[in-house]
Amino acid sequence: KSHLKTYTVEEVGKHDNENDGIWVYYKEGVYDITKFVLKHPGGPEKIMMAAGGSIEPFWMIFANHNVSEIYQLLESMRIGNLDISKDSKKIEATEDPYANDPKRHKVLKVNGPKPFCGETPGPLLCESFLTPADTFYVRNHLPVPEIDIKDYELEIAIEDDTKKVINFENIKKYPKYTITTAIMCNASWSGARLTDVLADLKINEDDWKHVQFEGYDLDPSGVPYGGSIPISRALDPRADIILAYEMNGEPIPRDHGYPIRAIVPGVVGARNVKWLAKIVISNEESRSQFQRGDYKGFSPSVDWDTVDFSKSPAILDMPVTSAICTPTPGEIVKLKDGKIPVKGYAWSGGGKKIIRIDLTVDQGKTWHVAHQLIDDENAKEGRHWSWTLWSAEIPIDVDKNEVEVWVKAVDASYNVQPESFENIWNLRGLLCNAYHRVNVKVKK
Ligand code: MTE
Ligand code: MO
């Protein structure tokens, strides 16, 4: 890189517009991103926040940039080196925006520290029908907001027109309603029904298309996390959507949306907006990046050059899925009466009950049905939001020392999981609900 020109922070700063070119710096590199701005998957406005300056603080927030493909892409736009000598006023001290995130339970497997993304170990999942809040997976996209309950407000608007603002005490005055729903893990959530809170606005379902939710968590430009659901769903009391203030009978922990989050059962986690700040009745979907530029499905051959997020609908109901929790991959399992015990979970989106679990240890030549299924006994037809825990004992051939256990679930519409990931793979890796397969060693 020594042949490249050296620029000061001030010189880079002049290149913050299309006419002069758009430059940024990262550590000791200076980059001309003029041509890339319009192609930025997160939108041109987002990347323009860094124009003429350092992109480092933004990448601390949008930590999905911290992968080698993106560093390489950036390097391909390098035009020079940053003058890091003493008299060049370098980088405004960057404070860690995640410094006030809550402490997490050590058992969570950390997939990303900032924003925090942690998963519950498989064997723990099927230990209890309700996943304890402390070990419930966490999926944040931004720093966890700090909210003082005394100041908490939830604004409810029709388009730009604020109709009412309610505080935490007001929410508790609505009838309290509890549902059990799986958002990957399973918990019970209590709060006010969305239909009750919206009732006095006398909204006509035919006049509007979407209900948007906004969180208190903000990106560096002040844009909140957001998501939306169709109006028909939001106004349907049978959709069981609640503005929850309790998780498993306790106040919701900070990581899971304290003090209030939207619970939209049967629907992808992303629309279950935490730290709820605002509800907007609108003719438009949420403008959030997480509604329009993420959490969508694509054909397997679509790549980052050909993807058009505007052409795919936002994920709403989740497809049927299941997993084996025990044994774990590579585990040595002792045969009991010639069988191995297997346990796991299954659930489907849109309130569809799990009606059957099929298991095989011979690549599908013979299938065994799990006979013990535990789900929410009180769930009504078409409102099976919770997961189903299942267990089975599978007979193993005497000569086998190793087997691969496969599971697939069937829901009330007879939707079945696909056999392999290959033909459903998509560039975001979402909706990948192929059979779960676990290889285990057998001890006689
Ligand atoms: N709500 C806000 N405000 N901010 C977020 O980052 N993440 C969403 C959703 N709601 C998110 C949010 C996603 S993608 C998921 S999967 C769930 O919250 C995760 O909920 P949990 O962290 O309570 O498990
Ligand atoms: Mo998610």
Side-chain angles (χ1 to χ4, degrees), residues 42 61-64 97-98 101-102 104-105 107-120 124-125 130-147 152 154 181-189 191 212-220 222-229 241-248 250-280 286 288-297 314-319 321 347 349 387 428-433:
I61 294 264
F62 303 114
N64 58 339
Y98 292 93
D101 267 21
R104 278 101 187 187
H105 197 289
V107 80
L108 291 179
K109 183 184 152 214
V110 181
N111 293 323
K114 299 171 183 184
F116 189 78
C117 203
E119 102 188 30
T120 318
L124 265 188
L125 287 176
L130 298 182
T131 314
D134 279 350
T135 58
F136 197 98
Y137 87 109
V138 177
R139 205 308 178 216
N140 295 337
H141 294 81
L142 297 163
V144 175
E146 275 187 285
I147 297 172
Y152 175 80
L154 170 61
T181 179
I183 326 172
M184 306 310 287
C185 297
N186 205 45
S188 78
W189 301 88
Q212 308 175 352
F213 301 114
E214 273 177 23
Y216 270 106
D217 45 340
L218 307 173
D219 76 13
V223 174
Y225 179 92
S228 58
I229 56 170
I241 299 163
I242 55 175
L243 308 181
Y245 45 81
E246 284 177 14
M247 176 183 194
N248 295 338
E250 302 281 343
I252 300 177
R254 278 187 66 209
D255 256 336
H256 299 294
Y258 178 83
I260 291 178
R261 85 179 289 177
I263 289 293
V264 189
V267 162
V268 66
R271 319 297 171 224
N272 290 254
V273 175
K274 305 193 270 190
W275 314 293
L276 196 60
K278 197 170 176 185
I279 300 175
V280 186
S286 165
S288 169
Q289 146 80 2
F290 303 105
Q291 180 75 19
R292 298 199 182 185
D294 201 342
Y295 294 102
K296 296 188 170 195
I315 300 170
L316 197 62
D317 295 331
M318 288 293 274
T321 195
W347 48 269
W387 67 13
R428 283 287 289 104
L430 299 168
L431 306 163
C432 279
N433 65 332

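Note that ligands are numbered from 1 as they come in the structure, with each ligand's atoms numbered from 1 the same way.
For the pair R104 and F116, the distance from NZ or CZ to the six-membered ring centre is under 6.0 Å and the angle to the ring normal is within 45 degrees.
Qualifying salt bridge (charged side-chain N to carboxylate O under 4.0 Å, His left out) partners for K114, counting only residues two or more places apart in sequence or in other chains: D96.
Contact annotation for Y137 and ligand 1: heavy atoms of both the backbone and the side chain come within less than 4.0 Å of the ligand. Under 4.0 Å from ligand 1, the heavy atoms of N272 that appear belong solely to its backbone. The part of Y295 lying near ligand 1 is the side chain, judged by heavy-atom distances below 4.0 Å.
Rounding to the nearest 0.5 Å places CZ of R254 at 8.5 Å from CD1 of I147. Atom OH of residue Y258 and atom NZ of residue K274 lie 15.5 Å apart, to the nearest 0.5 angstrom.
Set against the non-hydrogen atoms of F136, the atoms of ligand 1 under 4.0 Å away are 24 (O). Of all atoms in ligand 1, numbered sequentially from 1 with element shown, those under 4.0 Å from a heavy atom of N140 are 6 (O). Applying the 4.0 Å criterion to heavy atoms of V273 picks out, from ligand 1, the atoms 1 (N), 3 (N), 10 (N). Listed by atom number, the atoms of ligand 1 under 4.0 Å from H256 heavy atoms are 21 (P), 22 (O), 23 (O), 24 (O). Residue-ligand proximity, A270 to ligand 1, at heavy-atom distances under 4.0 Å covers atoms 8 (C), 13 (C), 14 (S), 15 (C). Listed by number with element, the atoms of ligand 1 under 4.0 Å from a non-hydrogen atom of R261 are 17 (C), 18 (O), 20 (O), 21 (P), 23 (O).
Under a 4.0 angstrom heavy-atom cut-off, I183 registers as lying outside contact with ligand 1. Residue contact check for ligand 1: M184 places no non-hydrogen atom closer than 4.0 Å to it.
Nearest to atom 4 (N) of ligand 1 among the protein's heavy atoms is D217 OD2, 2.6 Å. R139 O, 3.1 Å is the protein heavy atom nearest to atom 7 (N) of ligand 1. Residue, atom and distance of the protein heavy atom nearest to atom 9 (C) of ligand 1 are G269 O, 3.2 Å. Closest to atom 1 (N) of ligand 1, if we only count protein heavy atoms, is K274 N, 2.9 Å.
Side chains of L218 and L142 form no contact here, defined as non-hydrogen atoms less than 4.5 Å apart.
Side-chain atoms of D101 come within 3.5 Å of backbone atoms of V144 as a donor-acceptor pair (strictly under, hydrogens ignored).
One side chain, D255 or N140, offers a donor N or O that lies under 3.5 Å from an acceptor on the other.
For atom 12 (C) of ligand 1, the choice among F290, W275, F213, Y225 with the nearest heavy atom turns out to be Y225.
In this structure, the ring of H141 has its center less than 6.0 angstrom from the ring center of Y295.
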